[in-house]
Enquirer: 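Take a look at this one; I'll ask things after.
Computed from heavy atoms alone, side chains included, the values below leave out hydrogens, waters and symmetry copies. Just so it is clear, the model here is predicted, and its values are computed rather than measured.
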Amino acid sequence: QMMRECQVAFEDSTPQDYILLTSLTTLCSVACAIFGHMHGRLNLLIHKDDGYVERKLVLEYNGNTIRSTR
């Protein structure tokens with residue numbers, strides 16, 4: 001059910017959209033997997049003490065290489 005709801009939610013998503021990580025670990029994991037598969041990247045917002053930190057991961061499969069940028 002969670003996977004189907006994420007797929008519907010991401011229908012209009014773009015590679016520039018972000019996922020805000022929350023305490024719902026299973027939901028975040030499914031959402032990141034679907035978004036990464038759809039767009040070949042993840043744009044994450046992670047809450048820290050003084051605000052949010054942005055992390056961008058470009059998912060390229062070359063052998064075993066996954067590249068990340070900040």
Enquirer: Distance check, rounded to the nearest 0.5 Å: Arg55 atom CZ versus Ile19 atom CD1?
Expert: 15.5 Å
Enquirer: Following the transitive rule for hydrophobic clusters with a side-chain heavy-atom cut-off under 4.5 Å over Ile, Leu, Val, Met, Phe, Trp and Tyr, establish whether Leu21 and Met38 coincide in one cluster.
Expert: yes
Enquirer: Just distance, no hydrogens or angles: give the donor-acceptor pairs under 3.5 Å from side chains in residues 42-52, sequence neighbours left out.
Expert:
from: Asn43; atom 1: OD1; to: Arg41; atom 2: NE; distance (Å): 3.3
from: Asn43; atom 1: ND2; to: Pro15; atom 2: O; distance (Å): 2.5
from: Asn43; atom 1: ND2; to: Asp17; atom 2: O; distance (Å): 2.8

Enquirer: As an exercise, state the distance from CE of Met2 to CD of Gln7, rounded to the nearest 0.5 Å.
Expert: 13.0 Å
Enquirer: Can I get a per-line list of side-chain donor-acceptor pairs under 3.5 Å for residues 25-37, giving both atom names and the distance, sequence neighbours left out?
Expert:
from: Ser29; atom 1: OG; to: Thr25; atom 2: O; distance (Å): 2.9

Enquirer: May I ask you to test the Tyr18-Glu54 pair for a side-chain heavy-atom distance under 4.5 Å?
Expert: yes
Enquirer: Does the side chain of Arg4 come under 3.5 Å of the side chain of Gln1 through a donor N or O and an acceptor N or O?
Expert: yes
